[in-house]
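What follows is a short report on a single structure.
Residue numbers start from 1 in every chain, and the chains themselves are labelled A, B, ... in the order their sequence lines are given, proteins ahead of strands.
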Number of protein chains: 2
Amino acid sequence: MRLSDSIESFIKEMLDDGSAEVELKRNELAEYFRCAPSQINYVLATRFSPDHGYLTESRRGGGGYIRIVRVVQSGSQRLMYLVNERIGDSLTGEECIRLISQLKEAEVVTADEASLMAAAVSARALSVPLTDELKNAMRARIMKSMLMTIAARNKG
Amino acid sequence: MRLSDSIESFIKEMLDDGSAEVELKRNELAEYFRCAPSQINYVLATRFSPDHGYLTESRRGGGGYIRIVRVVQSGSQRLMYLVNERIGDSLTGEECIRLISQLKEAEVVTADEASLMAAAVSARALSVPLTDELKNAMRARIMKSMLMTIAARNKG
DNA sequence: ACACTCTAATGGTCAAAGAAAGTCGAAGTA
DNA sequence: TACTTCGACTTTCTTTGACCATTAGAGTGT
């Protein structure tokens with residue numbers, strides 16, 4: 001069996017033990033598996049990316065850590081669909097507005113949250129000297145990032 | 001746990017015990033935690049800055065002291081300050097996080113809204129091929145746009 | 001009393017060392 | 001060809017120590 005697979009299983013077992021969140025020390029884990037510390041990063045990048053339904057957060061320096069949060073659960077299917085299928089690399093301002101109001105209609109987000117989201121991808125927010133293509137690429141990314149966050153909170 | 005975190009908690013506990021103000025002796029505190037006195041300055045700079053919602057004032061010489069005050073501002077005061085003075089043309093990701101968590105602490109936004117905002121300006125959202133400078137400029141704009149939306153709703 | 005100086009007691013700054021984690025290209029493997 | 005693994009180098013956060021700045025009060029001379 002591959003090292004990466006072992007590390008993946010190890011982390012997933014930890015996640016199954018109750019909480020949907022786990023905190024670890026990169027160096028300790030690498031030591032445990034007798035591999036290069038950067039191997040852990042590889043596993044995180046290939047098996048615990050947002051597309052796989054996980055968020056990771058970390059801190060360097062003394063007392064540093066890596067935290068992994070599982071965000072995909074039954075209730076978030078629709079959101080994950082949006083993130084993975086509906087939204088591609090690009091989204092116009094209008095498409096954003098349409099999506100956001102659908103989410104509001106469906107009561108996935110509150111009205112206040114909907115306006116916050118709209119503000120984040122508004123023309124005003126993106127009024128920097130960039131091509132429309134780049135702006136729409138940014139919109140897609142900003143939307144995905146926010147939707148992932150909503151999916152994470154909706155897991156209960 | 002990190003030393004800095006311990007010192008931070010210690011000070012915050014003192015602040016929670018009633019008054020929104022605390023006075024301490026740098027050397028005594030350093031002695032108590034068995035660390036270099038300058039460590040206290042580090043904690044103040046990284047955890048009790050104005051962005052974190054605190055002001056510090058101090059005096060040297062015999063009978064010197066350090067006073068830490070938690071700043072209390074109304075929601076709209078804080079929003080105005082942020083939009084008009086604090087946020088200029090550029091904001092780093094960390095600065096965004098700090099400002100957002102202050103708004104949450106001050107109950108200007110809900111926890112859900114705070115994570116939404118953080119998601120909008122996260123590195124994940126802005127992982128497009130742009131210079132850091134441009135990204136930080138975008139962060140400033142996105143933040144302002146969102147904050148103005150919040151300010152608008154708080155009036156109605 | 002008064003003014004002046006000296007000194008001990010504080011706190012401040014900054015650069016360097018230490019302690020994690022991140023990146024990325026090269027080499028290995030299936 | 002695509003996926004893994006490694007390790008040299010980078011970045012970020014923490015901790016310390018040497019040196020600097022300020023202040024209150026004691027001592028001294030008039």
Side-chain angles (χ1 to χ4, degrees), chain A residues 1-11 21-52 54-69, chain B residues 1-11 21-52 54-69 91-98 101 122-124 126-133 135-136:
Chain A
M1 193 185 200
R2 268 180 197 60
L3 217 201
S4 289
D5 293 338
S6 304
I7 299 175
E8 177 188 4
S9 315
F10 185 82
I11 294 175
E21 190 174 323
V22 80
E23 189 171 306
L24 51 87
K25 297 277 213 176
R26 191 181 76 149
N27 287 346
E28 281 178 15
L29 196 55
E31 173 75 18
Y32 181 78
F33 283 100
R34 289 165 207 284
C35 63
S38 58
Q39 183 71 26
I40 307 300
N41 296 87
Y42 176 72
V43 172
L44 293 181
T46 56
R47 283 123 159 122
F48 294 90
S49 75
D51 284 355
H52 288 88
Y54 296 87
L55 293 179
T56 62
E57 169 192 5
S58 67
R59 214 167 155 181
R60 308 187 184 186
Y65 60 81
I66 296 178
R67 199 193 333 265
I68 303 167
V69 189
Chain B
M1 195 186 198
R2 278 182 292 268
L3 216 202
S4 291
D5 292 341
S6 305
I7 299 174
E8 176 188 3
S9 315
F10 184 83
I11 295 175
E21 189 174 322
V22 80
E23 191 171 303
L24 50 86
K25 297 278 214 175
R26 190 180 77 149
N27 288 345
E28 280 180 16
L29 196 56
E31 173 74 18
Y32 181 78
F33 282 101
R34 290 164 208 281
C35 65
S38 57
Q39 181 73 26
I40 308 300
N41 296 87
Y42 175 72
V43 172
L44 294 180
T46 55
R47 280 119 161 125
F48 293 91
S49 74
D51 278 3
H52 288 90
Y54 297 87
L55 292 180
T56 62
E57 118 193 55
S58 66
R59 204 159 171 187
R60 308 185 184 188
Y65 60 84
I66 296 178
R67 188 173 6 241
I68 303 168
V69 188
L91 266 193
T92 67
E94 279 154 29
E95 286 173 317
C96 289
I97 296 299
R98 227 179 294 137
S101 61
S122 67
R124 186 161 29 104
L126 302 183
S127 61
V128 283
L130 294 177
T131 65
D132 283 355
E133 266 140 87
K135 286 182 190 178
N136 289 341

Inter-residue atom distance [X].[atom1] - [Y].[atom2], 0.5 Å rounding:
X	Y	atom1	atom2	result
B:Leu44	B:His52	CG	NE2	11.5 Å
B:Arg59	B:Glu23	CZ	CD	10.5 Å
A:Ile40	A:Ser58	CD1	OG	13.0 Å
A:Ser9	A:Arg2	OG	CZ	12.5 Å
A:Ile66	A:Glu57	CD1	CD	11.0 Å
B:Tyr54	B:Glu21	OH	CD	13.0 Å

Q) Counting only side-chain N and O atoms of B:Lys25, is one of them less than 4.0 Å from OP1 or OP2 of C:dG11? A) no
**Q.** D:dT5 OP1/OP2 closer than 4.0 Å to side-chain N/O of A:Ser4
**A.** yes
How long is the line joining [atom1] of [X] and [atom2] of [N], in whole Å?
X	N	atom1	atom2	answer
A:Leu29	D:dT5	CG	C1'	15 Å
B:Glu94	D:dT11	CD	P	14 Å
B:Arg67	C:dG11	CZ	C1'	14 Å
B:Ile7	D:dC13	CD1	P	18 Å
B:Asp5	C:dA20	CG	C1'	14 Å
B:Arg2	D:dT12	CZ	C1'	11 Å

Q: Pick base, sugar-phosphate or nothing for A:Arg47, based on heavy-atom distances below 4.0 Å to the nucleic acid.
A: sugar-phosphate
(Q) Contact list please: residues 30-46 of chain B against DNA chain C, heavy atoms, distance less than 4.0 Å, in numerical order. (A) B:Ser38, B:Asn41
Q.
Among residues 54-64 of chain B, which ones have heavy-atom contacts with DNA chain C below 4.0 Å?
A.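 Under 4.0 Å from DNA chain C: B:Ser58, B:Arg59, B:Arg60, B:Gly61, B:Gly62, B:Gly63, B:Gly64.
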Q) With B:Leu55, which residues qualify under side-chain contact (heavy atoms from CB on, under 4.5 Å), at least two apart? A) B:Pro50, B:Val71
Q: Hey, can you tell me if B:Phe10 and B:Tyr32 have their rings parallel, tilted or perpendicular (30° and 60° cut-offs)?
A: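 Tilted.
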Options [options], nucleotide nearest the side-chain atoms of [X]:
X	options	value
B:Asn27	C:dG11, D:dC6, C:dG22	C:dG11
A:Leu3	D:dC6, D:dT14, C:dG22	D:dC6
B:Arg26	C:dG11, D:dT15, D:dT4	C:dG11

Q | B:Asn41 vs B:Arg26, side-chain contact (heavy atoms from CB on, under 4.5 Å): CA-CA, chis, key distance, verdict | A | CA-CA 8 Å; B:Asn41 296 87; B:Arg26 190 180 77 149; 2.6 Å; yes
